Amino acid sequence: MPALYRTIRIGLVLGALATATLAIAALFGFAVAPFDLLNHAQILLFPGTLVALLIVALALRGQRRSVAMIYVFMGMASSANVMVPDLLAAFRHRPAAPATGSITMMTHNVFGMNYSLAQVSAAIAAENPD
């Protein structure tokens with residue numbers, strides 16, 4: 001049975017390190033297009049890195065634990081950099097919706113390497129959102 005527990009512990013630690021790696025890679029989404037796709041998983045990566053921190057704290061000992069904790073904390077901080085501002089914005093006061101009429105909203109994916117800002121500006125102006 002100890003071999004089974006050791007295998008499970010190693011699997012959990014590797015999963016924790018993989019989760020932190022994905023969160024850190026997502027931080028570089030502004031420069032590498034495939035890494036930008038990882039930002040769509042931030043809602044899973046943020047709690048995943050919190051759990052990963054707990055797993056590493058409980059499963060490892062000594063210097064391995066220290067190094068792994070620093071690495072997983074970097075992943076958690078990378079994910080928090082994206083998620084915490086949005087979480088805090090959810091609690092801000094918002095003006096009431098108008099009694100009549102509608103609100104025009106627009107979303108536009110502006111990737112960090114977008115070199116044609118004139119086209120983006122023209123697309124926004126053409127939609128004329130509120």
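None of these values were measured; they are calculated from a predicted model.
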If you group Ile, Leu, Val, Met, Phe, Trp and Tyr by side-chain heavy-atom gaps below 4.5 Å, do V84 and L53 land in one group? yes

Treat each ILVMFWY residue as a node, draw an edge where side-chain heavy atoms are under 4.5 Å apart, and state whether M74 and L14 are in one component. no

Can a donor-acceptor pair be found, under 3.5 Å and without considering hydrogens, that links the side chain of S79 to the backbone of F46? yes

Identify the two heavy atoms, one from P47 and one from Q42, that lie closest to each other, and give their separation to 0.1 Å. CD-O, 4.3 Å

Are I43 and L87 grouped together when hydrophobic residues (ILVMFWY) are joined by side-chain heavy atoms under 4.5 angstrom apart? yes

Closest heavy-atom pair and its distance - M105, P129: C-CB, 4.4 Å

To the nearest 0.5 Å, tell me how far L44 CG sits from L22 CG. 11.0 Å

Could you report the tightest heavy-atom contact between A25 and L38, atom names first, then the distance? CB-CD1, 3.7 Å

If every non-hydrogen atom of N39 is compared with every non-hydrogen atom of G29, which pair is closest and at what distance? ND2-CA, 4.3 Å

Non-hydrogen atoms of A59 and V13 that approach each other most closely: CB-CG2, 3.7 Å

Euclidean distance, T49 OG1 relative to M76 CE, rounded to 0.5 Å: 6.5 Å

Those residues at least two apart in sequence (or on a different chain) that pass side-chain contact (heavy atoms from CB on, under 4.5 Å) with L12 are I8, I55

Restricting to side-chain contact (heavy atoms from CB on, under 4.5 Å), what partner residues turn up for L54, sequence neighbours left out? L58

Indicate, with yes or no, if F30 and L37 share a hydrophobic cluster defined by side-chain heavy-atom contacts under 4.5 Å among Ile, Leu, Val, Met, Phe, Trp and Tyr. no

Using every non-hydrogen atom in the two residues, find where A23 and G75 come nearest and quote the distance to one decimal. CB-O, 3.3 Å

The reported gap from CE in M83 to CG in L88 (rounded to nearest 0.5 angstrom) is 10.5 Å

Approximate separation, where rounding is to 0.5 Å, of F28 CZ and I24 CD1: 8.0 Å

Identify whether L45 and V82 are in the same connected component of the hydrophobic contact network (ILVMFWY, side-chain heavy atoms under 4.5 Å). no

Looking at side-chain heavy atoms only, is the closest gap between E127 and T104 below 4.5 Å? no

Is it true that, when you exclude F73 itself, more than 12 heavy atoms of the residues, nucleotides or ligands shown sit nearer than 6.0 Å to its CZ? no

